[in-house]
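First the structure, in the form of structure tokens, and then the observations on it.
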2 protein chains.
Amino acid sequence: MAERSGYEGLKLENQLCFPLYACSKEIIKQYKPFLDKIDLTYTQYITMMVLWEEKQIGVKALGEKLYLDSGTLTPLLKKLEAKGLITRHRSKEDERNLIVTITEAGEALRDEAVDIPMDMGKCVDLSPDEAMVLYQLLYSILGKISAKGE
Amino acid sequence: MAERSGYEGLKLENQLCFPLYACSKEIIKQYKPFLDKIDLTYTQYITMMVLWEEKQIGVKALGEKLYLDSGTLTPLLKKLEAKGLITRHRSKEDERNLIVTITEAGEALRDEAVDIPMDMGKCVDLSPDEAMVLYQLLYSILGKISAKGE
DNA sequence: TTTCATATAATTGTGTGCAATTCAATCGTG
DNA sequence: CACGATTGAATTGCACACAATTATATGAAA
């Protein structure tokens, strides 16, 4: 009621996107000390999380899971390969597809990473209910956006 | 109950941080077509949003509002200056402080940006209640993290 | 089978994002 | 006033992130 300028929408505090963006960055920053211990960046960490589950996956499927494209993944995967955590090779059936496979060393790293989720949970400190609500809202948004792009 | 591997926490779907990170990126991607029209990147856009409100602000205060540091802001502000949207000059009282001031052209851009929040609202499509809950949870997290760093 | 369209990863270029360092200005203490 | 500590911006170096382009491989159609 107070504001009739027509510019109300153009305020940082009135945009959902901004706290989302800021929150994401700040939480990732909280991960840094824990990830430093296993010498991974955040993006490398979420990539390894997929590989700890899948053992083997194509770059395209990996990109869909992580919402990342080959421009980001190609150099990142080369670094993980250089660290000895994964191998990269072309699919025999279709040479266009590059398959990423976790190595022994990559598997072993999982044991060193096992406490990170709990350590981080302490940093963020939401109630289970709040976490659930937030989680569902975020995946609802992601679902709607993905649906739009087909 | 089903899973006793001890690795349950190390799954992408069980980490709050991941949907937050993915959601932030995907929404920013949705902004692109609208921001292209006024030739701003997302980071430049939120910077201009502060300046449309404040007219004039120091780099330090700007960084605190945007959760960005001088390493990000310095080159970004130079680009905005090159576009003629802002000016940069040192404070007379304390030469360490760099003051950013919006120009006429910067003010004028506000009129071209005025529809962006509504256009984006259509893209995300949450109910007002959901948006409010999400908004409050995010600022609650941001508040707790800021409080920890004093 | 040749050729055109499609699929996929890699490359290129631009713009963040942040830690660490540097540099200049200011402040506080003796 | 001197000088060491602090502050604030700029710089440097590294790692994304993504749009656009390129290159190669596959598949489909004539």
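Each chain gets a letter, A, B and so on, in the order the sequences are listed, and its residues count up from 1.
- Taken together through direct or relayed side-chain contacts under 4.5 Å among Ile, Leu, Val, Met, Phe, Trp and Tyr, Ile99(A) and Leu51(A) form parts of separate hydrophobic clusters.
- Residues Gly84(A) and Ala105(A) share a closest heavy-atom pair of O-CB, 3.6 Å.
- Counting only residues at least two apart or in different chains, side chain to side chain donor-acceptor pair (under 3.5 Å) contacts with residues 110-119 of chain A comprise Glu53(A)-Arg110(A), Asp111(A)-Tyr7(B).
- For the segment residues 33-54 of chain A, the set of residues with a heavy atom within less than 4.0 Å of an atom of DNA chain D comprises Thr41(A), Thr43(A), Gln44(A), in numerical order.
- The salt bridge (charged side-chain N to carboxylate O under 4.0 Å, His left out) test applied to Asp36(A) returns Lys32(A), not counting sequence neighbours.
- Between Lys32(A) and Leu76(B), the residue anchored closer to the 5' end of DNA chain C is Leu76(B), taking for each the nucleotide with the nearest heavy atom.
- Remark: Arg90(A) pairs with no residue by the salt bridge (charged side-chain N to carboxylate O under 4.0 Å, His left out) rule, at least two apart or across chains.
- In summary, contact between chain B and DNA chain C, defined as any nucleotide atom under 4.0 Å from a heavy atom of the protein, begins and ends at dG15(C) to dT26(C) in the 5' to 3' direction.
- Within the structure, side chain to side chain donor-acceptor pair (under 3.5 Å) contacts touching residues 40-52 of chain A (residues at least two apart or in different chains) are Tyr45(A)-Gln15(B).
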Just distance, no hydrogens or angles: give the donor-acceptor pairs under 3.5 Å from side chains in residues 57-76 of chain A, sequence neighbours left out.
from: Lys65(A); atom 1: NZ; to: Glu54(A); atom 2: OE2; distance (Å): 3.4
from: Asp69(A); atom 1: OD1; to: Gly71(A); atom 2: N; distance (Å): 3.1
from: Asp69(A); atom 1: OD1; to: Thr72(A); atom 2: N; distance (Å): 3.2
from: Thr74(A); atom 1: OG1; to: Ser70(A); atom 2: O; distance (Å): 2.9

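- Evaluation of the salt bridge (charged side-chain N to carboxylate O under 4.0 Å, His left out) rule for Lys25(A) yields no partner, not counting sequence neighbours.
- Looking at residues two or more places apart in sequence or on another chain, you find a salt bridge (charged side-chain N to carboxylate O under 4.0 Å, His left out) between Lys29(B) and Glu26(B).
- Residue pairs meeting the ring pair (Phe, Tyr, Trp, His ring centres under 6.0 Å) criterion with at least one partner in residues 117-142 of chain B, sequence neighbours excluded, are Tyr135(B)-Tyr139(B).
- Residues from residues 16-28 of chain A with heavy atoms under 4.0 angstrom of DNA chain C, sorted by number: Tyr21(A), Lys25(A).
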* Structure fact -> With B for base contact, S for sugar-phosphate-only contact and - for none (protein heavy atoms under 4.0 Å), nucleotides 6-11 of chain D reads -BSSBB
